[in-house]
Student: 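Got a structure for you, questions after.
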Amino acid sequence: MKKIILIALILVTGTVMYGGDQYVRILDLRDYWKFMIGDDMRWADPNYNDAAWEDIRVPSKWENQGFHGYDGYAWYRKGIIINRSYSNEYLTLFLGYIDDVDEVYFNGVRIGRKGNFPPNFSTAYSSERRYNIPAHLVRFDKPNVIAVRVDASMMDGGITSGNVGLYLRQRDFAPDIDLEGEWKFRVGDRPEWSDAGLDDSDWGTIPVPSFWEDYLSGDYNGYAWYRLSFTVPQAPAGQRYVLSLGKIDDIDEVYINGKLVARTGKMRANPRYNELQNSYNKERYYYLNEGDIIPGKVNVIAVRVYDAGGEGGIYSGTIGLFKLQTFVSYWRKRSQGR
């Protein structure tokens, strides 16, 4: 019965493919949203009364809907109800293209952002917005509120074009431990940034995966580091993992709990002699040794990245940990055509 329902959804709503995952639309949000110019963080609250706000069509430039010549902050809000039948699914919010910067709240909790708000402004107008919705934030069969904070500094503004809707993310191969989301991030290169005990509380954050140009002012080429603290459940003795870091532009070194465990490409003392080996389009699957991951305790991944030009960073693909048995079984079936 579930397969029949899924086929019906595909026929009625269509699908899109990104990074090997298939997305099926279950709610079309190309509709009128509540809208107000200005900036007030109370507007992220799902209980805020927005009855006096304007109604505005999404997607469309706000300049085309009466807000002629307006540059600055504005907010969108939309109430939706999600059927409980989707409670075990991966849900993703598509918001198309937003000019220039945005951050998105679901029931009052930020679930994603693109670009940087003033004073360290950087635009992300050319990046499509897709934000995963954690299941624990969803009030199934009850009203939920999406709130989108936007800043447009010049020319067009708002949720301007593209797919806008709620989608099921159908993952061909989901990790046992998902590590997508906000990671600590810092431009530069210091050897101590690999240390597990480093105080990184003053670092910025960046969604992974994404190009770092979406969050930096201008094009940045050079070194940067990512860090993430995480825990894994207790496991039987000898449990091994495979770390998936998607695609990285250009080369990387990976440290877990301060230990270098993997690399792609070669970094030299003089970056002019770094060996890139066309690594920017290679999926990173790193086989970890027993003991690299400590069950039941906080582990720290630190990823050193060097970008030689163009866009950079951990930019696409699956980010997470697979149990070795799960990983091998999947690829064995793939090789046998099953």
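Below, all heavy atoms of this structure are taken into account, side chains as well, without hydrogens, waters or symmetry copies. Just so it is clear, the model here is predicted, and its values are computed rather than measured.
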Student: Would you give the length of the straight line joining atom CG of Leu245 to atom CD1 of Ile248, rounded to the nearest 0.5 angstrom?
Tutor: 5.0 Å
Student: When you check the side-chain N and O atoms of Lys247 and Asn281, is any donor under 3.5 Å from an acceptor?
Tutor: yes
Student: Assess the residue pair Trp203 and Phe185 against the criterion (ring-ring contact (aromatic ring centres under 6.0 Å, His included)); give the C-alpha distance rounded to whole Å, side-chain angles, the decisive distance to 0.1 Å, and a yes or no.
Tutor: CA-CA 6 Å; Trp203 286 35; Phe185 178 77; 8.1 Å; no
Student: In plain terms, say whether Asp102 and Lys114 are close enough for a salt bridge, that is, a side-chain N and a carboxylate O under 4.0 Å apart.
Tutor: no
Student: Working to the nearest 0.5 Å, report the span between CE of Met17 and CG of Asp172.
Tutor: 8.0 Å
Student: Salt bridge between Arg171 and Glu180, side-chain N to carboxylate O under 4.0 Å?
Tutor: yes
Student: In terms of hydrophobic clustering (I, L, V, M, F, W, Y; side-chain heavy atoms under 4.5 Å; direct or indirect links), are Ile111 and Ile98 co-clustered?
Tutor: yes
Student: Can you tell me how far apart CG (Leu198) and CH2 (Trp193) are? Round to the nearest 0.5 Å.
Tutor: 9.0 Å
Student: In terms of hydrophobic clustering (I, L, V, M, F, W, Y; side-chain heavy atoms under 4.5 Å; direct or indirect links), are Ile56 and Ile159 co-clustered?
Tutor: yes
Student: Does the distance from a Lys or Arg side-chain N to an Asp or Glu carboxylate O, for Arg240 and Glu290, drop under 4.0 Å?
Tutor: no
Student: Would you call Lys61 and Glu63 a salt bridge, taking side-chain N to carboxylate O under 4.0 Å as the test?
Tutor: no
Student: Tell me, with the steps shown, if Ser244 and Arg284 meet side chain to side chain contact (heavy atoms under 4.5 Å, CB included).
Tutor: CA-CA 6 Å; Ser244 174; Arg284 267 55 166 192; over 6 Å; no
Student: Ring centroids only, cut at 6.0 angstrom: are Tyr97 and Tyr125 within range, meaning strictly under it?
Tutor: no
Student: Should Glu89 and Arg169 be marked as a salt bridge (charged side-chain N to carboxylate O under 4.0 Å, His left out) after you check the CA-CA gap, both sets of side-chain angles, and the distance that decides it?
Tutor: CA-CA 7 Å; Glu89 305 284 357; Arg169 181 185 185 187; over 6 Å; no
Student: Without hydrogens or angle criteria, can the side chains of Tyr167 and Thr15 be said to hold a donor-acceptor pair below 3.5 Å?
Tutor: no
Student: Where do Asp252 and Lys282 land on the salt bridge (charged side-chain N to carboxylate O under 4.0 Å, His left out) test, with the steps shown first?
Tutor: CA-CA 11 Å; Asp252 59 281; Lys282 178 182 178 181; over 6 Å; no
Student: With distance as the sole test, does Asp195 use its side chain to make a donor-acceptor pair with the main-chain N or O of Gly197 at under 3.5 Å?
Tutor: no
Student: Can you list every ring-ring contact (aromatic ring centres under 6.0 Å, His included) pair that touches residues 240-276, not counting sequence neighbours?
Tutor: Trp225-Tyr255
Student: Go through the side-chain N and O atoms of Trp75 and Asp39 and say whether any donor and acceptor fall under 3.5 Å apart.
Tutor: yes
Student: Look only at the side chain of Tyr226 and the backbone of Ile314, and say whether a donor-acceptor pair between them is shorter than 3.5 Å.
Tutor: yes
Student: Say whether, by atom type as modelled, one donor and one acceptor occur between the side chain of Ser279 and the main chain of Leu276 under 3.5 angstrom.
Tutor: yes
Student: For Ala44 and Ala147, which heavy atoms make the closest approach, and how far apart are they?
Tutor: CA-CB, 4.0 Å
Student: Can you find a side-chain donor-acceptor pair between Tyr215 and Glu213 that sits under 3.5 Å?
Tutor: no
Student: Would you say the side-chain atoms of Asp178 pair up with the backbone N or O of Gly320, donor to acceptor, closer than 3.5 Å?
Tutor: no
Student: May I have the step-by-step check of side chain to side chain donor-acceptor pair (under 3.5 Å) for Tyr18 and Ser316, ending in yes or no?
Tutor: CA-CA 9 Å; Tyr18 290 100; Ser316 75; over 6 Å; no
Student: Taking the six-membered ring of Tyr32 as reference, does the NZ or CZ atom of Arg57 fall below 6.0 Å from its centre and within a 45° cone about the axis?
Tutor: yes
Student: Strictly by modelled atom types, are Asn132 and Thr92 linked by a side-chain donor-acceptor pair under 3.5 Å?
Tutor: yes
Student: Look only at the side chain of Asp249 and the backbone of Gly313, and say whether a donor-acceptor pair between them is shorter than 3.5 Å.
Tutor: no
Student: Would you please test Ile81 and Leu27 for side chain to side chain contact (heavy atoms under 4.5 Å, CB included) and show each step?
Tutor: CA-CA 9 Å; Ile81 294 177; Leu27 283 177; over 6 Å; no
Student: Would you please indicate yes or no on a ring centroid separation below 6.0 angstrom for Phe322 and Phe173?
Tutor: yes
Student: First locate atom CD1 of Ile82, then atom CG of Asp141, and finally report the distance between them rounded to the nearest 0.5 Å.
Tutor: 10.0 Å
Student: Side chains of Asp214 and Ser127: donor-acceptor distance under 3.5 Å anywhere?
Tutor: yes
Student: When rounded to the nearest 0.5 angstrom, what distance separates CG in Asp100 from CG in Asn116?
Tutor: 11.5 Å
Student: Side-chain heavy atoms nearer than 4.5 Å, only ILVMFWY residues, links allowed to pass through others: does that put Val164 and Val145 together?
Tutor: no
Student: Which pair of heavy atoms, one from Pro233 and one from Ile177, lies closest together, and at what distance?
Tutor: CD-CD1, 4.1 Å
Student: Identify the heavy atoms of Asn47 and Asp45 that sit nearest to each other, and give their distance.
Tutor: N-OD1, 2.9 Å
Student: On a heavy-atom basis, which atom in Asp71 and which in Met155 lie closest, and how many Å separate them?
Tutor: OD1-O, 3.6 Å
Student: Start with the C-alpha distance between Phe67 and Phe35, add both sets of side-chain angles, then the distance that settles ring-ring contact (aromatic ring centres under 6.0 Å, His included), and finish with yes or no.
Tutor: CA-CA 11 Å; Phe67 293 87; Phe35 179 81; 4.8 Å; yes
Student: Please give me the minimum heavy-atom distance between Ala152 and Gly157, naming the atom from each residue.
Tutor: CB-CA, 3.6 Å
Student: Is there a side chain to side chain contact (heavy atoms under 4.5 Å, CB included) between Phe230 and Leu321? Walk through the geometry before answering.
Tutor: CA-CA 11 Å; Phe230 67 98; Leu321 288 166; 3.6 Å; yes
Student: In terms of hydrophobic clustering (I, L, V, M, F, W, Y; side-chain heavy atoms under 4.5 Å; direct or indirect links), are Tyr287 and Leu179 co-clustered?
Tutor: no
Student: Could you walk me through whether Asp200 and Arg186 pass the salt bridge (charged side-chain N to carboxylate O under 4.0 Å, His left out) check?
Tutor: CA-CA 9 Å; Asp200 56 18; Arg186 186 164 184 174; over 6 Å; no
Student: Looking only at atom types and distance, does a side-chain atom of Asn299 sit under 3.5 Å from a main-chain N or O of Thr231, one as donor and one as acceptor?
Tutor: no
Student: Using a distance-only test with no angle check, is there a side-chain donor-acceptor pair under 3.5 angstrom linking Tyr306 and Glu253?
Tutor: no
Student: Mind telling me whether Trp43 and Trp53 have parallel, tilted or perpendicular rings, with 30° and 60° as the class edges?
Tutor: perpendicular
Student: In terms of side-chain heavy atoms, does Asp21 have a donor or acceptor partner in Gln170 at a distance below 3.5 Å?
Tutor: no
Student: Take Asn274 and Tyr223, measure what side chain to side chain donor-acceptor pair (under 3.5 Å) needs, and give me the verdict at the end.
Tutor: CA-CA 12 Å; Asn274 284 350; Tyr223 288 97; 3.2 Å; yes
Student: Between Arg268 and Glu275, does any NZ, NE, NH1 or NH2 come within less than 4.0 Å of an OD or OE carboxylate oxygen?
Tutor: yes
Student: Could you go through the side chain to side chain contact (heavy atoms under 4.5 Å, CB included) check for Asn144 and Phe106 one step at a time?
Tutor: CA-CA 7 Å; Asn144 300 269; Phe106 191 88; 3.7 Å; yes
Student: For the aromatic rings, using the six-membered ring if either is Trp, is the centroid distance between Tyr73 and Phe117 under 6.0 Å?
Tutor: yes
Student: I'd like to know if Val303 and Ile319 are part of one continuous hydrophobic network [Ile/Leu/Val/Met/Phe/Trp/Tyr, side-chain heavy atoms within less than 4.5 Å].
Tutor: yes
Student: Can you see which heavy atom on Pro46 is nearest to which on Arg77, and at what distance?
Tutor: O-NH2, 3.6 Å
